[in-house]
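Following: one structure in structure tokens, then a few remarks.
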Amino acid sequence: MTETIRLAECEPLDLDATLGCGQAFRWQRAGDRWEGVVDGRFLRLRQEGNLLHYAGAGESFVRHYLALDLDFDHVLGSIDRDPVMRTAIERCYGLRVVRQPFFECLLSYLCATNTNIPAVRRRVEALSGQYGEPIANAGQTRSFPSPESLQDASEADLRDCRLGYRARYARAAIDRFRDDGPRMAEIPSLSHDEARRRLIALPGIGPKAADCVLLYALGHLDAFPVDVWIHRILRRHYLPELGDSPLSPSRYEAARAFGRSRFGQHAGYAQVYLFSMRARLSHEMGETDAG
DNA sequence: TATCATCCTCTTGA
DNA sequence: ATCAAGAGGATGA
């Protein structure tokens with residue numbers, strides 16, 4: 001660790017919660033620090049109270065990735081609307097939504113359908129190991145591959161990276177980046193609704209994955225992804241009328257709309273805080289946390 | 001328009 | 001040790 005950021009009073013951070021909550025898949029705890037790859041850089045981070053030690057990138061890169069510029073108390077204040085949320089905020093205060101690279105985030109959440117967090121991590125690591133670029137002074141660690149680096153990967157190759165039936169969708173999505181690159185590159189600059197439509201139009205990307213990309217990569221903090229955990233929590237604490245039938249498209253939309261209207265322009269932060277409390281907030285029938 | 005079976009990998013429990 | 005059951009979203013019938 002070569003450099004240090006002294007976190008100001010208005011820049012609260014809980015690094016463990018932020019990197020360990022399952023929003024980004026390449027972080028690993030190594031003793032008292034975290035190691036991960038972001039946008040081709042091998043980052044090492046360690047938090048010691050209000051000191052954030054870092055190496056592998058410049059201060060502005062680290063600040064931007066961790067969204068230290070965010071008006072944090074304003075954001076949390078805006079979602080602090082009920083006792084459940086208040087508890088989540090108290091337990092995870094300093095948890096932040098990081099700013100992930102678009103393509104990596106898209107493929108990661110394509111790999112995250114119908115599966116759990118550890119499996120996604122293995123897929124992302126396999127893709128990086130096979131097709132990513134080496135990084136100076138990072139040992140065997142490689143970057144997450146670009147669309148260009150993945151052009152040579154066949155569907156079978158992607159299956160070898162444990163994608164399973166998702167390999168076909170991943171291959172087709174990568175093809176879109178090759179064949180329609182400029183249009184894909186527009187997505188980050190579009191409005192929430194328009195970007196969402198374009199994302200859902202991609203093979204293997206449905207409403208949930210699209211909402212994750214909107215929130216974790218495109219900066220739409222009002223996105224509210226609903227996975228089974230959020231669905232359980234909403235059912236238990238907010239919307240008992242959701243019942244316990246599976247999450248159909250209409251039910252998904254109802255849950256999403258509820259989250260967005262209740263928590264407002266930073267609903268995505270509410271989602272992340274609720275998700276981080278999933279074990280405590282959803283104990284209905286001995287469910288175990290898969291991630 | 002809404003359900004429902006299918007896809008695959010991994011974990012858990014028998 | 002081996003294997004069946006189950007978890008988890010997108011798709012297409």
Side-chain angles (χ1 to χ4, degrees), chain A residues 21-26 28 100 103-130 153-177 184 187 195-217 223-236 239 241-259 268 271-272 274-279 281-291:
Chain A
C21 74
Q23 58 178 320
F25 300 101
R26 294 209 69 190
Q28 279 189 316
Q100 299 187 38
F103 180 71
E104 172 174 351
C105 186
L106 180 74
L107 267 206
S108 296
Y109 281 92
L110 187 154
C111 289
T113 66
N114 200 19
T115 196
N116 54 28
I117 293 170
V120 183
R121 306 176 72 95
R122 283 187 283 267
R123 289 172 188 140
V124 171
E125 283 307 315
L127 288 171
S128 301
Q130 288 290 311
S154 67
E155 181 182 329
D157 292 333
L158 296 173
R159 278 187 180 256
D160 289 342
C161 294
R162 315 174 193 225
L163 300 208
Y165 63 90
R166 303 162 197 80
R168 188 162 62 84
Y169 305 141
R171 186 57 259 172
I174 296 161
D175 287 342
R176 294 278 186 92
F177 275 79
M184 295 297 107
I187 294 177
R196 188 170 194 266
R197 275 192 285 275
R198 296 260 197 110
L199 290 169
I200 290 177
L202 290 168
I205 303 293
K208 192 271 185 177
D211 287 333
C212 288
V213 175
L214 289 170
L215 176 58
Y216 301 131
F224 192 83
V226 181
D227 70 346
V228 293
W229 292 98
I230 294 298
H231 185 230
R232 286 177 189 138
I233 292 168
L234 291 182
R235 214 165 62 203
R236 180 177 173 82
L239 287 175
E241 63 271 28
L242 280 175
D244 33 314
S245 30
L247 204 51
S248 65
S250 60
R251 290 171 170 286
Y252 183 93
E253 186 47 39
R256 167 176 177 262
F258 171 81
Q271 188 268 3
V272 170
L274 292 177
F275 186 78
S276 291
M277 293 285 291
R278 61 196 176 283
L281 291 176
S282 73
H283 52 85
E284 282 174 294
M285 43 194 184
E287 297 140 353
T288 53
D289 181 5

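What's counted below: heavy atoms across the whole structure, side chains too, no hydrogens, waters or symmetry copies. Here is the naming used below: chain letters follow the sequence lines, and residue numbers restart at 1 for every chain. It should be emphasised that the depicted structure is a prediction, and the values quoted were computed from it without experimental measurement.
Distances shown here put a side-chain N or O of A/Arg122 below 4.0 Å from the OP1 or OP2 atom of B/dT11. Contact between the side-chain N/O atoms of A/Arg162 and the OP1/OP2 oxygens of B/dC7 is not found at any separation under 4.0 Å. At B/dC8, none of the side-chain N or O atoms of A/Arg166 fall inside 4.0 Å of OP1 or OP2 (strictly under the cut-off). At least one side-chain nitrogen or oxygen of A/Trp229 sits closer than 4.0 Å to the OP1 or OP2 atom of C/dG8.
In this structure, A/Ala209 reaches the sugar-phosphate backbone alone: every heavy-atom distance under 4.0 Å involves primed, P, OP1 or OP2 atoms, never a base.
A/Arg123 places its CZ atom 6 Å from the C1' atom of B/dT9, with the value rounded to the nearest Å. As a whole-Å value, the separation of A/Leu163 CG from B/dC8 P is 12 Å.
Electrostatic pairing of A/Arg122 and A/Glu125 does not count as a salt bridge here, judged by no charged N lying under 4.0 Å from a carboxylate O.
With C/dT11, B/dC10, C/dG8 as the candidates, the nucleotide lying closest to the side chain of A/Arg232 is C/dG8. The A/Ser250 side chain lies nearest to B/dT3 when the options are C/dG9, C/dA7, B/dT3. You'll find that the side chain of A/Thr113 is closest to C/dG9, out of B/dT3, C/dG9, C/dA7. For A/Arg159, counting side-chain heavy atoms from C-beta on, the closest listed nucleotide (B/dA2, B/dC8, C/dG8) is B/dC8.
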- A/Phe224/A/Asp211 under side chain to side chain contact (heavy atoms under 4.5 Å, CB included): CA gap, chis, key distance, verdict: CA-CA 6 Å; A/Phe224 192 83; A/Asp211 287 333; over 6 Å; no

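By the 6.0 Å and 45° rule, A/Arg278 stacks over the aromatic ring of A/Phe275.
Between the base of C/dG9 and the side chain of A/Tyr252 there is no donor-acceptor pair shorter than 3.5 Å.
Shortest non-hydrogen contact noted between A/Val120 and A/Cys111 is CG2-O, 3.9 Å.
Positionally, the nearest nucleotide of DNA chain B for A/Pro249 lies more toward the 5' end than for the other of A/Tyr165 and A/Pro249.
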